[in-house]
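Data first, discussion second: the structure below is written as structure tokens.
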Amino acid sequence: MPFVAVCSTAEVPPGAMRRFDIAGRPLAVYNVDGAFFVTAAICTHEHADLTEGELQGRKITCPLHGARFDVATGRVVSPPAFKPLKTFAVRVRGDLLEVDLP
Ligand code: FES
């Protein structure tokens, strides 16, 4: 699957995160000090939108029960979630952020 455009880089400034629904998939885009990461936007514990949680560095905290994930790797940092988040490869072309959707 080719890379597809998600947003402009200006839409997600450093320290911010934002949800985009691309091809029917809810994606969370994070900007950590200028580095972009993309994960599935829905928590792996129950159904909560992670972009309504809190981003601190590379750690996203779920707004529902407080599970924490590393947005770069998808790894669970703290429970109650135990399944990692799906992550997606990203690239920046010009001012566009693109994601590799398998
Ligand atoms: S839904 Fe995210 S921790 Fe429960």
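All values reported here derive from a predicted model rather than from experimental measurement. Both counts, for ligands and for their atoms, begin at 1 and track the order of listing.
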Does the side chain of Phe88 come within less than 4.5 Å of Thr39's, by heavy atoms?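 Sidechains of Phe88 and Thr39: no contact.
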Short list, please: which atoms of ligand 1 are under 4.0 Å from a heavy atom of [X]?
| X | answer |
| --- | --- |
| Leu64 | 1 (S) |
| Glu46 | 1 (S) |
| Ala67 | 3 (S) |

What do you get for the angle at atom 4 (Fe) of ligand 1 between ND1 on His45 and ND1 on His65, to the nearest 10 degrees?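 Once rounded, the angle between the two atoms at atom 4 (Fe) of ligand 1 is 90°.
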Give a yes or no on this: more than 12 heavy atoms of other residues, nucleotides or ligands lie within 6.0 Å of atom CG of Asp21.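 Counting other residues, nucleotides and ligands, CG of Asp21 exceeds 12 neighbours.
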Any chain of hydrophobic side-chain contacts (each under 4.5 Å) joining Val92 to Phe20?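 Shared cluster, yes.
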State yes or no: do Leu27 and Leu85 share one hydrophobic cluster built from I, L, V, M, F, W and Y residues joined by side-chain heavy-atom distances below 4.5 Å, directly or via other members?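 No, it is not one cluster - the side chains of Leu27 and Leu85 are not joined through contacts under 4.5 Å.
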Without hydrogens or angle criteria, can the side chains of Thr51 and Tyr30 be said to hold a donor-acceptor pair below 3.5 Å?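 No, because no side-chain N or O of Thr51 sits under 3.5 Å from a partner of the opposite role on Tyr30.
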May I have the angle between Cys43 SG and Cys62 SG with its vertex at atom 2 (Fe) of ligand 1, rounded to 10°?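 Approximately 110° at the metal, rounded to tens of degrees.
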